[in-house]
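See below for the structure under consideration.
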Amino acid sequence: MANEVCFRTLHLDEPWTLESYLSVGGYQSLKKILTEKIPAEDIIEQVKTSALRGRGGAGFPTGLKWSFMPRQSEGQKYIVCNSDEGEPGTCKDRDILRYNPHQLIEGMAIAGYCIGADTGYNYIRGEFWEPYSRFDNALKEAREAGYLGDKLFGSDFNFDAHSHLGGGAYICGEETALLESIEGKKGQPRFKPPFPAGFGLYGKPTTINNTETLASIPVIVEKGGQWFLEHGKPNNGGTKLFSVSGNVNRPGNYEIDMGTPFSELLEMCGGMKDGYKLKAVIPGGSSSPVIPGDQMMDVTMDYDSIQAAGSMLGSGAVIILNDKVCMVNALARLSHFYQEESCGQCTPCREGTGWLSHIMHRIEHGHGKQEDIDLLDKVAGDIMGRTICALGEAASMPVKGFLKHYRDEFQYHIDHKKCMVGPGSK
Amino acid sequence: MSEINKDLINAASRVDIDQWVAKYPADQKQSAVMAALRIVQDQNGGWLTTELMDAVASYLDMDKIHVYEVATFYSMYEHKPVGKHKICVCTNISCMVCGSGEIVDHLEDKLDVKMGGTTEDNRFTLKEVECLGACSGAPMIQIGEHYYENLDAEKIDKILEELK
């Protein structure tokens, strides 16, 4: 079954309104928790049972993350939603904001209840004006209807949320860079520890979750952790939004069960466009290593299966490449992206992403040297593990993946100063 | 001096900025700096001057250097004049394999300006941007607050026509 969790309003006219959300049982999970005084521990236990893992890319177990919060301690705490969707290929959170913003608000409120926070911020990337407007309007509707504010449903629980707009920086999707950005600074990641659960926004204990993660919570509370888990498989619970882009007939966001075979997802997307063959798939956003098409046809869409194939589920952004895509050209574009988006704080990433991009540029444009392939591999390896945040890894993993499977195309480019693949390439 | 600076921010912008300031704790006014920079940039026709950044610093009780840091870190702030319509073209991987190259070529031909440049009549600026998170609608562009998706040359012509 599809569209049962984050997209459960999608079949309605104007799915983003409060009226639409209420018609599918919206805000009933929050009401139940507050009127029946369900202890936070019980909800966190349900979230753990659900095996919900962070949908932003890192895949960290959500229930476990919430349990790190010192929720009994006095003082201000925050729940922060990460809607800074920027991993190339990923466009799912945008649709949650546009089509089901109330479910995200309810999820934030429930998370706030579980971690002891009365205030939430949703960090929305600056370019997302329409999604921001929808979300902000939903906040107003929720306040007016009494789903946000003081003493919700007659309980002692107060909760309000606000949106914060970014300004164009991929790095702010990294949770501590995001906190810096809300604090009105450059988005440069913080050293960890201390972790946000101890020292987060404005120095207060903070939990940061992805949009899809939080939007999944109301349904998990309503139907139970076991129900969600059974939509996927052990350790890979639930449904997941997959953003499919690239050379298919019907690109789009598909909410399907974890563990669905890739071949079925490809079928849902109408198969390959214009009769070209499937060459390769970048299965979890641009940072995830590429997997050859033949191998991908045996993979199921979940954390463990994609990891076993040598890549990662990441943000669930499935980029489909056909056989006219030159892999040198593809990696050159990605390497340029990471150079542009490195925040410049750590030398290995700041300099290394520049090296990767320059080397890829010269191979792509017919000036590659014989030693360049080994040099790419070495520079990528030298970045990994030597930076504050994961952007260094994110820049290096695609290099390793492309070289592992398509080294011959790189060699061909260096030897012949042109692409190995046929029409459509440069 | 600081009062003079603040006056560069017009009344409507002040109202807008104040709404953002109200979202954050009372002692965390600087959290509104990104919103304030966007608002004064819009007020000024799409780009920031040093005087405007100084005015924001003054308005939010921040050191100028911290405002400059923010204004130069994020890609949506402009530091030189732009055309009436800033056309942001995504050329990242999903758009690339769906034909963003042709979109770039068509825009450059049609407007007679290269990426990064502004047309002589100051109507359009072309800007190459990184992934805008609308990958299933590739190739796509952003103009102002709007995303235009699933583009081809014909659709581009229509969009440009409507903007004139």
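Residue numbers start from 1 in every chain, and the chains themselves are labelled A, B, ... in the order their sequence lines are given, proteins ahead of strands.
Of all heavy-atom pairs between B:Cys131 and A:Pro88, the closest is SG-CA, 3.5 Å. B:Pro25 and A:Tyr121 make their closest contact through CD-OH, 3.6 Å (heavy atoms, listed as atom of the first residue, atom of the second, distance). Shown here for B:Ser31 and A:Tyr202, the closest heavy-atom pair between the two residues is OG-OH, 2.6 Å. Of all heavy-atom pairs between B:Met34 and A:Ser181, the closest is SD-OG, 3.2 Å. Of all the heavy atoms in A:Arg333 and B:Glu128, the pair that sits closest is NH2-OE2, 4.3 Å. Nearest heavy atom pair, residue B:Phe73 against residue A:Ala169, reads CE2-CB, 4.1 Å.
Taking CE of B:Met96 as the start and CG of A:Leu334 as the end, the distance is 7.5 Å to the nearest 0.5 Å. Rounding to the nearest 0.5 Å gives a distance of 11.0 Å between CD1 of A:Ile182 and NZ of B:Lys23. B:Ser75 OG to A:Glu340 CD: the interatomic distance, rounded to the nearest 0.5 Å, is 9.0 Å. Atom NZ in A:Lys185 sits 10.5 Å away from atom CD in B:Glu69 (nearest 0.5 Å). Taking NE2 of A:His336 as the start and OG1 of B:Thr91 as the end, the distance is 6.5 Å to the nearest 0.5 Å.
Neither the backbone nor the side chain of B:Thr72 comes within contact range of chain A; no heavy atom of the residue lies under 4.5 Å from a heavy atom of that chain. With a threshold of 4.5 angstrom between heavy atoms, A:Lys186 approaches chain B through its backbone and through its side chain. At a 4.5 Å heavy-atom cutoff, B:Ala35 makes no contact with chain A through either its backbone or its side chain. Contacts between A:Thr119 and chain B at a heavy-atom distance below 4.5 Å are absent for every atom of the residue. Both the backbone and the side chain of A:Leu165 come within less than 4.5 Å of a heavy atom in chain B. The part of A:Glu341 that comes within reach of chain B is its side chain, from C-beta onward, which places non-hydrogen atoms under 4.5 angstrom from that chain. For B:Glu145, the parts lying near chain A are the backbone and the side chain together; criterion is any non-hydrogen pair under 4.5 Å. The part of A:Thr90 that comes within reach of chain B is its backbone (N, CA, C, O), which places non-hydrogen atoms under 4.5 angstrom from that chain. Within the 4.5 angstrom heavy-atom criterion, only side-chain atoms of A:Cys172, from C-beta onward, approach chain B. Using a 4.5 Å cut-off between heavy atoms, A:Phe242 makes no contact with chain B at all. Residue B:Val67 does not touch chain A at all, counting heavy-atom pairs closer than 4.5 Å. If you measure heavy-atom distances from A:Glu127 to chain B, the contacts under 4.5 Å come from both the backbone and the side chain.
Put simply, the side chain of B:Cys135 reaches to within 4.5 Å of the side chain of A:Cys91, judged on heavy atoms. In this structure, A:Phe337 and B:Ile93 have side chains that are not in contact, with every pair of non-hydrogen atoms separated by 4.5 Å or more. The shortest distance between side-chain heavy atoms of A:Trp129 and B:Tyr147 does not fall below 4.5 Å.
Of the charged side-chain nitrogens involved, none lies within less than 4.0 Å of a carboxylate oxygen, so that B:Glu130 and A:Arg125 do not count as a salt-bridged pair.
Note on A:Gly252, A:Ser163, A:Gly167: by heavy-atom pairs under 4.5 Å with chain B, the leading option is A:Gly167. Chain A forms more heavy-atom pairs under 4.5 Å with one residue of B:Asn92, B:Val129, B:Asn150 than with any other, namely B:Asn92. Of all the listed residues (A:Pro251, A:Gly166, A:Ser286, A:Ser243), the one sharing the greatest number of non-hydrogen pairs under 4.5 Å with chain B is A:Pro251. When each of A:Gly86, A:Ala330, A:Gly187 is scored by its heavy-atom pairs under 4.5 Å with chain B, the top score falls to A:Gly187. With respect to chain A, the highest number of heavy-atom pairs below 4.5 Å among B:Val33, B:Asp27, B:Val97 belongs to B:Val97.
Remark: the B:Tyr24 side chain and the A:His164 side chain contain an N/O donor-acceptor pair separated by less than 3.5 Å.
Within 6.0 Å of atom NZ in B:Lys84, 12 or fewer heavy atoms from other residues, nucleotides or ligands are found, so the atom counts as exposed in its surroundings. Crowding of B:Asp112 atom CG: a count of heavy atoms from other residues, nucleotides or ligands under 6.0 Å not exceeding 12. Counting heavy-atom neighbours within 6.0 Å of A:His361 NE2, excluding the residue itself, gives a total of 12 or less.
No donor-acceptor distance shorter than 3.5 angstrom exists from the side chain of A:Glu130 to the backbone of B:His146, with no hydrogens or angles considered.
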Item to check | Test salt bridge (Lys or Arg N to Asp or Glu O under 4.0 Å) applied to B:Glu149 and A:Arg94, step by step | outcome: CA-CA 14 Å; B:Glu149 302 175 53; A:Arg94 175 179 179 232; 2.7 Å; yes
